[in-house]
Amino acid sequence: MDHSAIAKKWQAVWAEKKVFVQEPGEKPYYCLEMFPYPSGTMHMGHVRNYSLGDAVARYKRMKGHQVLYPMGFDAFGLPAENAAVQNNFDPADWTEENISTITEQFKLLGMSYDWSRLVVTCRPDYYRWTQWLFIQLYNKGLVYRKKAVVNWDPVDKTVLANEQVIDGRGWRSGAEVEKKEIEQWFIKITAYADELLDAIDGLTGWPERVRTMQKNWIGRSVGAHISFSVNGEEIKVFTTRPDTLFGATYLVIAPEHPLVRSVAQKNSAVADYLSIAAKKSSIERSAADKSGVDTGLRALHPVTKEKIPVWVAEYVLMEYGTGAIMAVPAHDERDFAFAQEHSLPIKQVISSDQDLPFTGEGELMQSGFLDGLSSVRAREAVIELLEKDGVGSHHVQYRLRDWLVSRQRYWGCPIPFVYCDSCGGVPVPESDLPVVLPKDVSFGEGNPLETSNSFIQTTCPKCSKPARRETDTMDTFVDSSWYFFRYTDANNESAPFDKGLVNSWLPVNQYIGGIEHAILHLLYARFFTKATRDLGLHTIDEPFKNLLCQGMVLKDGEKMSKSKGNVVSPLDMIHEFGADAVRTFSLFAGAPEKEYEWSSEGVSGVQRFLHRVSLLCAQREFRSAFSSHDEYILSVTHRTIEQVTEHMDSLRLNLAISDIMVLTNTLSSYGQSAVHQETFSFCVDTLLQLLAPFAPHIAEELWSTRHDSLLASSVWPIADPDKMSLVAEQAFELHASLEEDIQKVIGLSGVTPQQITIFLPSSWKYSFLADLKDAFSQTHNVGEIISSFMQTDLRRYGKEISSLVPRYAKDRSKLPRAILSSEHEAKEVTLFARSLSSRLNVRVVVELEDGSSHPKAKQAMPGKPAIFIE
RNA sequence: GCGGGUGUGCCCGAGCGGUCAAAGGGGACAGGUUUAGGCCCUGUUAGCGUAGGCUUACCCAGGUUCGAAUCCUGGCACCCGCACCA
């Protein structure tokens, strides 16, 4: 049967027996992959992602967990809308079509999802609850509307969140972002800034770099607000170093600062500067030059009461802090550079041996009542004084901004609000949800929802007068911020999810996805979890216990992309090599979190490996009695169980596969009727079980020829420490007793022995010795022993054994040395040597009595030969 | 600039104080089996030697140790995140 037929057969059986449909129980385990955007076809990154999750899910099921392993689609988004514009498709049809295509591909790969829990964010049965949650957050004060300067993507014609602007460009379109002021919806994520930050320390199952990225993104700075007065008006600054207050020799405000406008009317230098700054794009603005002009304003220092100049400069950002800083050039690099550029005074207030600017902490100087204090003490003292005078206070500043969720697009979740002339903005009542996307829209310029009268025109839920519906839709990140809750109760029609079900399944035990979501998605999802917890919807604090960010799949050293023409199609690969080989290779090619190069040679290598496994199962000839070989392969098998289990638990799946390959090779070496059927059968069964998470179809097929039950629901094997006893130790013991046996032979024979010295250096074969021992237990007649060996296929003494046996030291005299006595003629020894040589595929050297040696000597074989096997 | 990470043989990739010339896979070469083989099996694949063996090797330079790919110090290279964040 070919691989695709086998795959189909077992996929059908698994589905029919509902092997993957599980409810929470004693040992719930939630395995989750970041759900995809249904763009049409799968790429290799998907295959890797889902193969990882599927292997984990299958493993955990076999370990006796109830596993929640669902799949869904993050189905709102711009590509559907673009397709609508270009090809006149309905975005919903286009999306649904893609979903069914991709679903087929998932099934082709044999992923063990519980499809009854399918979640699709663009379907009303899902987004109804997105809207419901939005309103709950609104009622809780976590959603608000305000006029804001926004990042406008001129290509996608929509607003972008700060998080979606990368180096001044739109994250999707790559277009340079413009500034616009519009009324927008925000989610107050900053209300949770502290908790989101503090809880990161508890996320020990997350990669360090993701934790660091999140911390940096939230960016908490502890410091103080300090007010300077300027002609009766106030300039408030934020600083992390209130201790350096006496060193503040001037202020700098951002070009957008409200105070600058009035100055510009009177001061042409300032006006010119502002107009130049305004023309610059945000990219140009970020160039690190230290331009700026004096506004002519003078601020009153709140403590020294000195008058200090106020400058305006681009390097101060309106978006961060208060849009104004106090400059302490002696102790800040940027201020220092700026002061030098514009010849502003520099006053040292922290003593140090180092050159200025000195940015460290230390003992205060030239700071009046602070002199002699440490930076830490000085900070407290300064803030205390400022608070007393009402000109300053403690303040914690975040880099994190509130989450702008309005999008002026069609293909997203409608924001469930209505504007009424009398009542203002009114949330749509729960009974009227969902607010469904209309079909009578036209795509083109601007927001398509604006073109649908049936959608816009409505009545006010409060006063029933005619009202206008909100036409903004939500950022798709909102949809994906709670989908992992919905999986627990995907078909619930009366609530987004059941509290009990969420509490029993969550947190997600293993979350798997790309590093590109390290900040946005994960932060939003964490926020939603905390916010919905505080709404009383569940009691989970953090959604994802363990996080794995898988590495990229490269081709020719580069990311696969259509423009580079180096895209490898998963479908082609599955067609050619089979789902099992593709899955297994995608896990074997490298450590899960590292990137690797896709190689079809590698896949075919895995295919060969899987083929060898099936050859093992076809083994029909066995030895009738147990022997030391049985102990040996049992010990290797048990050790493999232990190692694979360890590697599965630590997600080092590439190593787990490697372990399985080693076991396969070992068992293959014993394929020639060397072991008892019972032993072999156990070992092969175990092998199939270990393989099941990676190559489920082939493993299931092979298992079905040996058992009536399903492999997928079999119980993961447990390593027996007693049976794992070190092969190496056994080998030594065996060797010792072998030597005794041999000595006995010599004693018995009483004949001047010819000497056959068998050196057993690095590549000596454990099983060869075992056979030799067995042979000696039957007879002490070397002739018989030799002839019995002649009849055996010696090739099974594979090199896999040598790797498990400790190597002997370099000193050859320490090598084990067997002395065989023999009455036989040189001819027979030669025969033995040749047999070993050709059948064992080892080099055999025969050493002459005088110590000389030459390969050809075995032809002549005079006197007393010795044989080296290595 | 700040923060995180990586560096092993032809390639990928394990190892993380002695059992290491370094697992496993791929590729290449040779042999066996075969009507044939792109199936399968075996061997070789740093250099020199018929071989025992010797020399050189885990980014570079030092150090700790009887002993280092593995531990420490200092470099170098590459990758990623944030970035005039006050």
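Separating the C1' atom of B:C76 from that of B:C59 is a span of 8 Å, rounded to the nearest Å. When the C1' atom is compared between B:G75 and B:G81, the two are found 24 Å apart, to the nearest whole Å.
When the P atom of B:C85 is taken as reference, atom CZ of A:Arg399 falls 11 Å away, rounded to whole Å. Note: CD (A:Glu593) to P (B:C79) measures 20 Å, nearest angstrom.
Closest to the side chain of A:Tyr315, out of B:C82, B:C84, B:C40, is B:C84. In this structure, the nucleotide among B:G4, B:G24, B:C39 sitting nearest to the side chain of A:Arg209 is B:G4. If you check B:A86, B:G24, B:G26 against the side chain of A:Met661, the one that comes closest is B:G24.
Nucleotide B:G1 forms a pair with B:C82, judged by Watson-Crick or G-U wobble geometry with both contacts under 3.5 Å. Under the Watson-Crick and G-U wobble criteria, each requiring two contacts below 3.5 Å, nucleotide B:U6 is paired to B:A77. Of all nucleotides present, only B:G32 satisfies the Watson-Crick or G-U wobble test against B:C40, with each distance under 3.5 Å.
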Tell me, for nucleotides 9-16 of chain B in 5' to 3' order, what letter each nucleotide earns: B for a base near a protein heavy atom under 4.0 Å, S for only sugar-phosphate near one, - for neither? ---SSSS-
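A:Gly219 comes within 4.0 angstrom of nothing in the nucleic acid, heavy atoms only.
Remark: A:Arg612 is in phosphate contact with B:C41, judged by side-chain N or O atoms under 4.0 Å from OP1 or OP2. In this structure, A:Ser221 reaches the B:A86 phosphate: one of its side-chain N or O atoms is under 4.0 Å from OP1 or OP2.
If you find the closest nucleotide of RNA chain B to A:Glu208 and to A:Asp335, the one lying nearer the 5' end belongs to A:Glu208.
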